[in-house]
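When a ligand or atom number is given, it counts from 1 through the structure's own listing order.
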Amino acid sequence: MLELLLPPPVDPLWDLTEAYGADARPERLNLVLGVYRDHTGGTPVMTAVREAEIRLAQRSASKEYRGLSGNTAFNRAMLSMVLGSAPGGAAERAVAVQTVAGSGALRLLADLVCRTRPGTTVWISDPAYVNHRPILEAAGLNVRTYGWLDAEGGFDTEGMLEDLAQARRDDVVLLQGCCHNPTGVDPSARVWEALAEMAVRAGWVPFVDLAYHGLGDGLEADLAATRMLAERVPEMLIAVSCSKNFGLYSDRTGCAVVLGASRGALRHVETALQNAARTLYSMPPEHGAAVVAAVLEDDGLRAAWRGELEAMRGRIEANRSGLAGELSALGWDRQARVLARQKGMFSMLPLSPRQMLRLRSGFAIYGTTAGRINIAGLPAERIACLAQGISAVLAEDAGRPDSPVVQPVPAHRG
Ligand SMILES: Cc1ncc(COP(=O)(O)O)c(C=O)c1O
C-alpha cells in the first residue's frame, strides 16, 4: 500500500526551521516561527499560567473524560472575553465549544460551514496565514482571495473592498481580527465599519480568526473590531487561539464560537460542532483549557496575566520601533515607516523573496521567503545586526531592480 503514497508537500515553515537547525554559523538568527521570546531568548511559562497549574495540580483528583464540548468554564470565559458579558450583548446569542487550539477551531468551523452548505466559497486574504487555505480546502470548501497589501506595503483598502464586493449571500469571509499574519498590517476602524456594512447588505458571513489579541494595541483594542462586527451582523464564526496570548502553544488550547441571529437559531450548532470533533479527534485536551479558565475566573490571576501580556506587547513594540529606528538611521526611511506601522508578532520586511534568500545565505538571518519575520522572537541585542543585514541586502540591489542573484558574502558576525 505505502508504495502508492506520492511525496507530500513539506510544510514550508517547519522545513525552514530544519534548515536553520542545520546551519552551523554561530550568529544564525531564527525569526521563522511565531513564538514569543523574552530577553533571554526563551519562551517561559507565564507566571499566572504556572500558578494556575499549581492550583489545579493540588485540587484535581481525576483525568476522567470531559464532555464533548470540552471544559465548559473555559467556554464561558472565552465567550465573555471575546464578546463581553453585557446583558443583551452578542454573547447571549453565541455558543462556544473548546477545540484543539486555534487550528482546531478553524477546522471545526470550516466543517460546520461545509455540513450546512457544501461547496461554500470562503474568501481569505492574499497573502494569508499559511494554513488557512489548506484547512478550508481539507474541509471541502472553495477558496477565493481578496487583496490585502498595496504597492507600498500598507493596507490596500480599495483592493480589499473591491474584491469583497464580489462576495455573495452565504459566502464566508475569513478575517484576522488583529495583528494580521503574515503582514502585521491591519485595516483601520473605518474599514472594519465598511466591512460590517457590506456583510449585512450582501449577506455574507464573517469568520474571524483571533490568534494574537493582546499583542497589538492591547487586549480590548485588539478585540474591538470583532466585537463591533458581532453587534452588527446576524451570523458570525470566530476561531479563538490561546497559544500566543497565554503562551500555551503545546497545550493546544482554543475555542470555536458561533453567533446566530437569535438563541433559537443556534439550536443545532453545538451538536453539529461536537459531531465534527467526534470524527476528527473526539474530545479536546483538558489541561490548557482548565488553566485558562482558572486564570480568567480568579481576579488576582487575571490581573497578573493581563500585566504579563502587556509586558510581552511592550517588548514586541520596542523591538519593532528599535528595528525601524535602526533602518531609518541607515538611510532606509521609507522602509522604516512601513515597518513602524505594523502590529503584533510579525513584521513583513520590505524585501523580495530573492532578497530574503540573500539575508539567509549572507547573514544567517532566517525569515520566510515571502518576507515575514517573527519580530517577537528578536533578541534586543540583535536588532542592529538585523537592520545591517537588511540594509546591506537593500543596498546591493539599490537602483538595480533586475540584478541577478548575488553571490553569498562571508557570514556577518555580531
Ligand atoms: C492567523 C492564525 N490563526 C490561527 C493560528 C493557529 O494557532 P494554534 O493552532 O497554534 O492555536 C495561527 C498560528 O500561528 C495563526 O497565525
Side-chain angles (χ1 to χ4, degrees), residues 11-14 16-17 30-37 43 46 49 70 74 78 81-82 96-111 122-136 138-139 143 145-146 148 172-187 206-216 222-223 225-226 237-257 277 280-281 284-285 287-289 291-292 312 316 342-348 367-368 370-377:
D11 184 295
L13 297 189
W14 288 103
L16 261 180
T17 304
N30 185 1
L31 303 176
V32 176
L33 289 184
V35 174
Y36 174 82
R37 299 196 192 285
T43 305
M46 294 169 91
V49 164
F74 167 78
M78 284 291 104
M81 181 176 84
V82 173
V97 164
Q98 188 203 327
T99 56
V100 181
S103 308
L106 287 167
R107 175 58 196 258
L108 225 55
L109 291 168
D111 266 29
V122 184
W123 295 75
I124 63 173
S125 60
D126 178 19
Y129 166 48
V130 67
N131 216 8
H132 275 162
R133 179 185 284 272
I135 288 177
L136 296 167
V143 174
T145 59
Y146 57 84
W148 194 256
V172 171
V173 176
L174 183 50
L175 299 154
Q176 294 188 38
C178 62
C179 309
H180 183 262
N181 177 7
T183 64
V185 174
D186 284 341
F207 181 172
V208 177
D209 182 6
L210 277 176
Y212 301 96
H213 39 309
L215 297 172
D222 291 347
L223 290 169
T226 305
L237 313 171
I238 312 174
V240 191
S241 166
C242 299
S243 299
K244 324 281 170 162
N245 60 4
F246 282 88
L248 287 169
Y249 307 88
S250 58
D251 279 320
R252 313 305 299 140
T253 310
C255 185
V257 175
L280 289 166
Y281 51 78
H287 181 73
V291 167
V292 170
M312 283 161 65
I316 294 171
Q342 298 173 356
K343 297 258 159 58
M345 266 179 136
F346 299 111
S347 272
M348 197 72 164
T368 72
R372 189 192 83 171
I373 59 162
N374 172 23
I375 196 97

Taking atom types as modelled, find out whether N374 and R37 have a side-chain donor-acceptor pair closer than 3.5 angstrom. no
Given D209, V240, V100, T253, identify the one with the heavy atom nearest to atom 3 (N) of ligand 1. D209
D222 (side chain) donor-acceptor with L215 (main chain) under 3.5 angstrom: yes
Any sub-3.5 Å donor-acceptor pair from T99's side-chain atoms to G254's backbone N or O? yes
Would you mind listing which atoms of ligand 1 come within a distance below 4.0 Å of any non-hydrogen atom of S241? 7 (O), 8 (P), 11 (O)
Among M345, K244, M46, which residue satisfies the side chain to side chain contact (heavy atoms under 4.5 Å, CB included) criterion with Y36? M345
Can you find an N/O atom of R252 closer than 3.5 Å to an N/O atom of ligand 1? yes
Heavy-atom nearest neighbour in the protein, as seen from atom 6 (C) of ligand 1, with distance rounded to 0.1 Å: S103 OG, 3.5 Å
Students should be able to answer this: which protein heavy-atom is nearest to atom 8 (P) of ligand 1, and at what distance? S243 OG, 3.4 Å
Test your reading of the structure: does G102 have an N or O sitting under 3.5 Å from an N or O of ligand 1? yes
Answer yes or no: is there a donor N or O on one side and an acceptor on the other, between the side chain of R372 and the main chain of V32, under 3.5 Å? yes
Any donor-acceptor N/O pair, D126 side chain to W148 backbone, under 3.5 Å: no
Close approach, K244 and ligand 1, non-hydrogen under 4.0 angstrom: yes
Taking the side chain from R252 and the backbone from Y249, do they hold a donor-acceptor pair closer than 3.5 Å? yes
Which of the numbered atoms in ligand 1 are below 4.0 angstrom from a heavy atom of Q176? 1 (C)
Using 0.5 Å steps for rounding, measure from the CG atom of N245 to the SG atom of C179. 10.0 Å
Should N181 be counted as touching ligand 1, given the test is an N or O pair under 3.5 Å? yes
Below 4.0 Å, non-hydrogen atoms only: which portion of A211 touches ligand 1? Side chain, backbone, both or neither. side chain
Do you know which of M78, H287, M81 makes side chain to side chain contact (heavy atoms under 4.5 Å, CB included) with V292? M78
of all protein heavy atoms, closest to atom 13 (C) of ligand 1 is Y129 OH, 3.5 Å
Should the proximity of Y249 to ligand 1, defined as any heavy atom under 4.0 Å, be assigned to the side chain, the backbone, both, or neither? neither
Who's the nearest protein heavy-atom neighbour of atom 16 (O) of ligand 1, and how far? Y212 OH, 2.5 Å
